[in-house]
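Keep in mind the model is a prediction, meaning the values are calculated, not measured. Chain A is the first sequence line, chain B the second, and so forth, proteins listed ahead of strands; every chain is numbered from 1.
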Protein chains: 2
Amino acid sequence: MNRAVGEKEGVKGASGRRSPCPVACCLDLMGDRWTLLVVRDLMMGAERFKEFTASPEGIPTNILSDRLGRLLESGVVVQVAAADGSRHPAYRLTEKGRELIPILGAMRDWGLKWEEGTRVMAGREG
Amino acid sequence: MNRAVGEKEGVKGASGRRSPCPVACCLDLMGDRWTLLVVRDLMMGAERFKEFTASPEGIPTNILSDRLGRLLESGVVVQVAAADGSRHPAYRLTEKGRELIPILGAMRDWGLKWEEGTRVMAGREG
DNA sequence: CATCATGCTTGCAAAATGAAAGCATGATGC
DNA sequence: GCATCATGCTTTCATTTTGCAAGCATGATG
């Protein structure tokens, strides 16, 4: 991992926060073009590295690796033993991660209403 | 403005879209650390350039200028004549912009619940 | 006409992004 | 048991974005 070299935060005291505003804090963690797409994929049932890269947006592998690392750090995601017996562990949303659903839901609704040509994509589990 | 040089989209056909997913599309427009904070400030009653720079996160002026330009382009914001008689026009949310409220609300709720030390800030209008 | 406030733009160094290639590890084939 | 392959990353590096600081245009003010 290319962050967290010599710093050990993560448990609670996220230091580099721009302000106490909960929206700003959320954006400190999720404010980029990829993080919430990874969370979206997790909600759609994606668990393995390859599955995230297969999404239509085509996330670069170094970005995916970095984002999964940050999501692990912030407790939105955990790694669990893969159910299909694979040697590689699977990524799974925590309760904290699952509670991001309302944000994604609001974004989906807004996009569908205001941006022509958008449509919900078929997922692994409808 | 440093974008939209030689391209005329804006009316509808946002070309550079990564996928038809409404979440991805929303993130194409709002997926960065500042855009939604500008929208938050607009919701709190901010209308003038100086007011946005006064928020605790301290947005750089070049970023603010760029984001206001993008929000104007995407129809989330309009410029109207200032009510206080100032020569400078004020920025105001459109209906499309006001409908971003559920996204900000969900982020605020999530931040308050999961990130210690966050709290809603006093705004111009409660 | 000098000074100031507002609303930007410009310059530039540092950080993030992203395409492509490289690498480690375990399973598979023979 | 050794080459091959798939998965899951890491590294490299050119390009883009960020963000601090300074500059600049315009209209009000003294």
Non-hydrogen atoms of A:Ile103 and B:Ala106 that approach each other most closely =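 Heavy atoms of A:Ile103 and B:Ala106 come nearest at CG1-CB, 3.5 Å.
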Give me the atom names and distance for the closest heavy-atom approach of B:Cys26 to A:Trp110.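 That would be SG-CE3, 4.0 Å.
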Margin query: Please tell me whether A:Asn62 and A:Ser65 have a donor and an acceptor in their side chains that are separated by less than 3.5 angstrom.
Written below: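 No, no side-chain donor-acceptor contact under 3.5 Å.
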Contact under 4.0 Å: [X] side-chain N or O vs [N] OP1/OP2:
| X | N | answer |
| --- | --- | --- |
| B:Arg87 | C:dA5 | no |
| B:Arg67 | D:dT18 | yes |
| A:Ser65 | D:dT10 | yes |
| A:Arg33 | D:dT17 | no |
| A:Trp34 | C:dG18 | yes |

Check: For DNA chain D, whose closest nucleotide is more 5', that of A:His88 or that of B:Ile59?
Finding: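 The residue closer to the strand's 5' end, by nearest nucleotide, is A:His88.
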- Report the residue (A:Pro89 or A:Asn62) whose heavy-atom-nearest nucleotide on DNA chain D is the more 5′ of the two.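 The 5'-side residue here is A:Pro89.
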Would you indicate whether B:Arg119, at its atom CZ, is surrounded by more than 12 heavy atoms from other residues, nucleotides or ligands within a distance under 6.0 Å?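 Not more than 12 within 6.0 Å, no.
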Taking only the side-chain heavy atoms of A:Lys50 (C-beta and beyond), determine which of C:dC8, C:dA20, D:dT7 contains the nearest atom.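 Ranking C:dC8, C:dA20, D:dT7 by closest atom to the A:Lys50 side chain puts D:dT7 first.
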Counter-base of [N], judged by Watson-Crick or G-U geometry with both distances under 3.5 Å:
| N | answer |
| --- | --- |
| D:dC2 | C:dG29 |
| C:dC8 | D:dG23 |
| D:dA28 | C:dT3 |

What is the nucleic acid contact for B:Phe52, judged by heavy atoms within less than 4.0 Å: base, sugar-phosphate only, or nothing?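 No contact.
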